[in-house]
Amino acid sequence: MKNKQHWEQVYQQKQPDQVSWYQREASLSLQLIKQLTTPNASLIDVGSGASRLIDDLLALGYQRLTVLDISAAALEVSKQRLGAQATTVNWLVADITSVELPAQAYDLWHDRAVFHFLTEKADRAAYVERVRHSLKQGAYLLISCFAEQGPEKCSGLPVVRYNPQSLAAEFGAAFATKQQYEELHPTPFGTEQAFIYLVLQKR
Ligand SMILES: C[S@@+](CC[C@H](N)C(=O)[O-])C[C@H]1O[C@@H](n2cnc3c(N)ncnc32)[C@H](O)[C@@H]1O
């Protein structure tokens, strides 16, 4: 698994609120998920890390949640935090570029700050193929990456930065762009990171 060791170390060595991508609440993601789905929707959060998005979705009554990350340590942080509630979630330790996901399974695919690590064209193609395969027709991809003026690296790793057009182009004609947003993420270290968010719908 590419980068697995890096990510295991990050989550073994740092507290969840000591990483640049930490959000006490994933507000924009939550707002959009509430707008695009109902609590009986089937959702996957790809590269979830130790994000609290899952806690907030459970609190809203979402029950069909899949949480995927390359790092087992990351998912363990979330499982410990959630306690008994964790048993209702489908946890997957896997690399998103090689995992086998069920076909036409999800109403919404959420990715914050994961796709931008895929600097190799073949990895991006593998990711796009998995989105296409596992989203239902008419379902949504909610994806956020560093904007063109965002940092060149995240967690010490190089990233690809996007504008809304270049990010949408990665997913091709099978997806229609529905919404786009910009966000300045305040890191725990007092700096800001420019993100873009896209909502794409599978045709
Ligand atoms: C910058 S963090 C973002 C975490 C979370 N989405 C959030 O917003 O708090 C990137 C996450 O992607 C995961 N990741 C990186 N490469 C991955 C891959 N190829 N497959 C699955 N997860 C991956 C990392 O372990 C890490 O948790």
Side-chain angles (χ1 to χ4, degrees), residues 1-33 43-57 65-79 81-82 89-101 108-131 134 141-147 150-162 170 181 183-189 191-198:
M1 277 187 181
K2 286 172 234 150
N3 288 327
K4 181 170 170 65
Q5 201 184 352
H6 170 86
W7 290 108
E8 292 293 10
Q9 274 177 11
V10 167
Y11 289 103
Q12 282 160 5
Q13 293 173 1
K14 295 190 177 181
Q15 294 301 309
D17 61 355
Q18 289 177 340
V19 292
S20 59
W21 56 92
Y22 173 73
Q23 293 177 296
R24 200 173 50 219
E25 183 185 89
S27 309
L28 183 52
S29 296
L30 263 180
Q31 179 196 317
L32 292 169
I33 291 170
L43 266 61
I44 183 166
D45 187 20
V46 167
S48 186
S51 169
R52 290 173 176 267
L53 175 64
I54 219 67
D55 309 41
D56 291 330
L57 291 172
L65 299 174
T66 297
V67 174
L68 180 149
D69 202 280
I70 200 167
S71 163
L75 297 189
E76 201 48 43
V77 173
S78 290
K79 283 186 198 172
R81 192 181 62 237
L82 284 164
V89 175
N90 181 27
W91 303 94
L92 294 179
V93 176
D95 184 331
I96 194 55
T97 63
S98 55
V99 67
E100 280 188 31
L101 293 172
L108 188 139
W109 173 301
H110 178 260
D111 168 343
R112 174 176 178 267
V114 186
F115 184 75
H116 66 197
F117 288 108
L118 304 181
T119 54
E120 301 291 329
K121 197 174 173 190
D123 286 340
R124 291 196 294 277
Y127 181 110
V128 171
E129 185 45 43
R130 278 154 184 78
V131 179
S134 65
L141 166 62
L142 167 51
I143 184 164
S144 70
C145 294
F146 281 167
E152 291 175 6
K153 288 189 171 187
C154 182
S155 191
L157 301 175
V159 299
V160 181
R161 296 173 295 174
Y162 292 96
E170 294 285 341
Y181 299 89
E183 184 182 63
L184 274 183
H185 164 62
T187 72
F189 318 123
T191 57
E192 285 183 330
Q193 297 177 329
F195 276 84
I196 58 164
Y197 284 66
L198 273 193

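When a ligand or atom number is given, it counts from 1 through the structure's own listing order.
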Determine, step by step, whether L101 and I44 satisfy the side chain to side chain contact (heavy atoms under 4.5 Å, CB included) criterion, reporting the C-alpha distance in whole Å, the side-chain angles of both residues, the deciding distance to 0.1 Å, and the verdict. CA-CA 10 Å; L101 293 172; I44 183 166; 4.2 Å; yes

Check against side chain to side chain contact (heavy atoms under 4.5 Å, CB included), I70 and I96: CA-CA 7 Å; I70 200 167; I96 194 55; over 6 Å; no

Would W21 and F195 satisfy ring-ring contact (aromatic ring centres under 6.0 Å, His included), going step by step from the backbone distance to the final call? CA-CA 11 Å; W21 56 92; F195 276 84; over 10 Å; no

Evaluate the ring-ring contact (aromatic ring centres under 6.0 Å, His included) criterion for residues W109 and F115: first the C-alpha distance (whole Å), next the side-chain angles of each, then the deciding distance (0.1 Å), finally the verdict. CA-CA 12 Å; W109 173 301; F115 184 75; 9.9 Å; no

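Here the side chain of E8 pairs a donor or acceptor atom with the backbone of A72 at under 3.5 angstrom.
The two residues G49 and D69 come nearest to each other via the heavy atoms N-OD2, 2.7 Å.
In the vicinity of S51, heavy-atom distances shorter than 4.0 Å reach the ligand 1 atoms 9 (O). The I96 neighbourhood of ligand 1 comprises atoms 18 (C), 19 (N), 20 (N), 21 (C), with distances under 4.0 Å to a heavy atom of that residue. Remark: ligand 1 atoms within the under-4.0 Å shell around heavy atoms of A94 are 20 (N), 21 (C). For ligand 1 and L68, the ligand atoms under 4.0 Å from any heavy atom of the residue are 21 (C). Within ligand 1, the atoms closer than 4.0 Å to a non-hydrogen atom of G49 are 27 (O), numbered from 1 in the order shown.
Considering backbone and side-chain atoms together, Q23 places no N or O closer than 3.5 Å to any N or O of ligand 1. Among the atoms of G47, some N or O lies under 3.5 angstrom from an N or O of ligand 1. Here's the thing with D95: one of its N/O atoms is less than 3.5 angstrom from an N/O atom of ligand 1. At a 3.5 angstrom cut-off on N or O pairs, I70 counts as close to ligand 1.
The shortest distance between side-chain heavy atoms of S71 and V10 does not fall below 4.5 Å. Two residues are said to be in side-chain contact when any heavy atoms from C-beta on lie closer than 4.5 Å; K4 and D95 fail this criterion. Using a 4.5 Å cut-off on side-chain heavy atoms (C-beta onward), V46 and R130 make no contact. Within the 4.5 Å cutoff, no side-chain heavy atoms of S144 are placed close to those of E183.
Contact annotation: S155 has no heavy atom less than 4.0 Å from any atom of ligand 1. Using a non-hydrogen distance threshold of 4.0 Å, N3 does not register as a contact of ligand 1. Heavy atoms of Y22 come nearer than 4.0 angstrom to ligand 1 in no pair at all. Using a 4.0 angstrom heavy-atom cutoff, T97 does not count as in contact with ligand 1.
With distances taken over non-hydrogen atoms, the option nearest atom 15 (C) of ligand 1 out of F115, F146, F117, W7 is W7.
Neither the backbone nor the side chain of A50 has a heavy atom within less than 4.0 Å of ligand 1.
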